[in-house]
Asker: 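Let me give you the structure first, and then I'll get to my questions.
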2 protein chains.
Amino acid sequence: MPTRFLIGVLGGMGPLATVDLLQKIIAATPAERDQQHVPMAVWNVPQIPDRQRALAGIGASPLPALLDGVEHLNRLNVSHLIIPCNTAHHWFDELRSASRAPVLHIADATLAQTQLALAGTPSPRVGVIATHGTLAAGWYQQRLAALDIETVLPDEQEMDNLFVPGCYAVKRGEVAAGGALFGQLADRLAARGATQLILACTEVAPGLAAAQSCWLARSIDSTEALARRCVALWREQADL
Amino acid sequence: MPTRFLIGVLGGMGPLATVDLLQKIIAATPAERDQQHVPMAVWNVPQIPDRQRALAGIGASPLPALLDGVEHLNRLNVSHLIIPCNTAHHWFDELRSASRAPVLHIADATLAQTQLALAGTPSPRVGVIATHGTLAAGWYQQRLAALDIETVLPDEQEMDNLFVPGCYAVKRGEVAAGGALFGQLADRLAARGATQLILACTEVAPGLAAAQSCWLARSIDSTEALARRCVALWREQADL
């Protein structure tokens with residue numbers, strides 16, 4: 001059993017999204033000095049077969065590489081495991097079985113944050129920006145439906161022309177260009193009634209930030225939500 | 001012996017400086033997709049006694065905590081170890097002995113970058129921004145002297161009024177305020193003849209960036225230099 005608090009991060013999907021998470025954990029931590037910050041061990045090894053391609057049936061499974069990451073984090077006796085990639089949660093059950101530490105689900109953290117953000121908003125309609133794999137899994141739609149929140153989803157053309165190219169632009173370092181595509185997708189969802197967004201893919205927030213999109217202010221970012229959950233856990237155990 | 005390329009990062013000093021390094025490694029990597037990025041395992045556990053206080057004789061030694069970090073990175077079979085904190089290099093020999101992987105020295109990476117940056121500059125004078133511990137160790141002054149480059153160092157009053165408070169401001173999240181102090185220190189060094197700076201403390205570049213300081217453009221950043229060294233090693237082994 002892990003004896004010390006240590007957040008294990010199964011990262012690399014993509015590497016920049018992992019760094020975005022770390023930055024958000026630090027920014028969300030009230031700390032006067034280094035030693036008050038959240039202790040983290042980060043497996044940021046991006047040599048993992050493409051999750052979107054695997055789920056589309058046109059690429060190798062990322063599961064062996066993901067399990068290798070979990071095994072390495074097990075060696076460090078991490079006390080919690082998080083995965084800053086929504087799509088990788090397709091293999092959540094297998095990863096949870098392999099991890100000696102409990103695994104937090106990014107959609108749970110995001111929905112908790114969504115409830116806080118939308119408290120008091122009459123009839124919210126939430127646009128969900130995510131990969132095909134995440135949308136097909138239905139994690140966000142199901143959780144939002146349970147809260148009586150209506151969802152607005154991208155259509156196939158928007159996925160092919162805006163989301164997917166935006167995502168791969170971020171991954172090859174064209175972060176602002178990717179963000180501009182995500183911004184266009186957000187405008188489309190707004191035109192169909194979305195008043196808020198859930199950024200249910202961890203490449204989206206860095207893109208929108210680099211593009212200085214005004215959409216960030218109306219978004220619940222799954223990375224930020226996961227960061228806040230980690231900080232809350234850290235402060236609970238430290239009895240702060 | 002490590003069989004795969006894996007950069008091990010002994011981080012947490014402070015946690016934001018470690019994230020700055022990761023971000024700079026990603027930004028410096030020419031990559032078309034996730035899988036081409038540098039694989040990294042990051043020990044970002046900031047519960048390490050304060051290095052500056054230890055070297056001033058008013059705090060516990062960070063060495064046991066640093067060795068604990070090395071031991072954890074050994075468990076992951078990292079192929080190289082880097083330390084994104086100049087001051088921690090005071091314990092370089094002990095850490096090198098404990099690490100199964102070779103340890104890169106941040107001052108070596110920075111001086112290689114300095115030579116590139118200053119090639120062709122007649123009579124460069126380089127201001128060095130660093131902790132008392134780093135300045136007392138003389139790593140930068142010695143290496144610059146060997147290249148016939150004159151150094152300009154902060155005086156005691158500048159250290160006490162500008163550098164030290166700037167450094168701790170970054171550590172408690174007041175990043176731009178810290179950067180403003182570093183900018184004032186840079187102005188002082190310039191007034192004494194410095195034409196370029198070496199940012200020989202990893203808290204400085206995030207501060208100057210947050211303060212949008214024009215000094216960044218005239219600086220050789222030790223974090224950036226370490227990042228470039230890692231990317232070069234990755235590309236060499238991948239034969240790119």
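As the structure is a prediction and not an experimental result, all values here were calculated from the model. The sequence lines fix the lettering, A, B, ..., with proteins before strands; numbering per chain opens at 1.
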Asker: Answer whether the closest heavy-atom distance between the side chains of B/Q47 and A/P39 falls below 4.5 Å.
Answerer: yes
Asker: Considering non-hydrogen atoms only, spot the tightest contact between B/Q35 and A/P49 and give its length.
Answerer: NE2-C, 3.9 Å
Asker: Where is the tightest heavy-atom contact between A/D34 and B/P15, given as atom of each residue plus distance?
Answerer: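 A/D34 and B/P15 have their closest heavy atoms at OD1-CD, 3.7 Å.
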Asker: Just so I understand: if I count every heavy-atom pair under 4.5 Å between each of B/T29, B/V9, B/I48, B/I7 and chain A, which residue has the most?
Answerer: B/I48
Asker: Check whether B/D50 gets within reach of chain A through its side chain, its backbone, both or neither, counting any heavy atom under 4.5 Å.
Answerer: both
Asker: Rounded to the nearest 0.5 Å, what separates atom CG in A/L6 from atom NE2 in B/H72?
Answerer: 7.0 Å
Asker: Spell out, as yes or no, whether a donor-acceptor pair under 3.5 Å connects the side chain of B/Q23 to the backbone of A/V19.
Answerer: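 No; zero donor-acceptor contacts below 3.5 Å.
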Asker: Report which part of B/R75 has an atom under 4.5 Å of a heavy atom belonging to chain A: side chain, backbone, both, or neither.
Answerer: both
Asker: Find the distance between CD1 (A/I25) and CG (B/N44) and round it off to the nearest 0.5 Å.
Answerer: 9.5 Å
Asker: Measuring heavy-atom distances to chain A, does B/V38 have an atom under 4.5 Å in its side chain, in its backbone, in both, or in neither?
Answerer: backbone
Asker: So, taking the atom named NZ in A/K171 and the one named CD in B/E32, what distance separates them when rounded to the nearest 0.5 Å?
Answerer: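 Reported value, rounded in 0.5 Å steps: 13.5 Å.
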Asker: With only heavy atoms counted, which part of A/L76 is less than 4.5 Å from chain B, the side chain, the backbone, both or neither?
Answerer: both
Asker: Most heavy-atom pairs under 4.5 angstrom with chain B, which of A/E174, A/R172, A/E71?
Answerer: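 It is A/R172.
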Asker: Taking CD in B/E94 as the centre, count heavy atoms belonging to other residues, nucleotides or ligands within less than 6.0 Å. Is the count above 12?
Answerer: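 Yes, CD of B/E94 has more than 12 neighbouring heavy atoms, counting only those of other groups under 6.0 Å.
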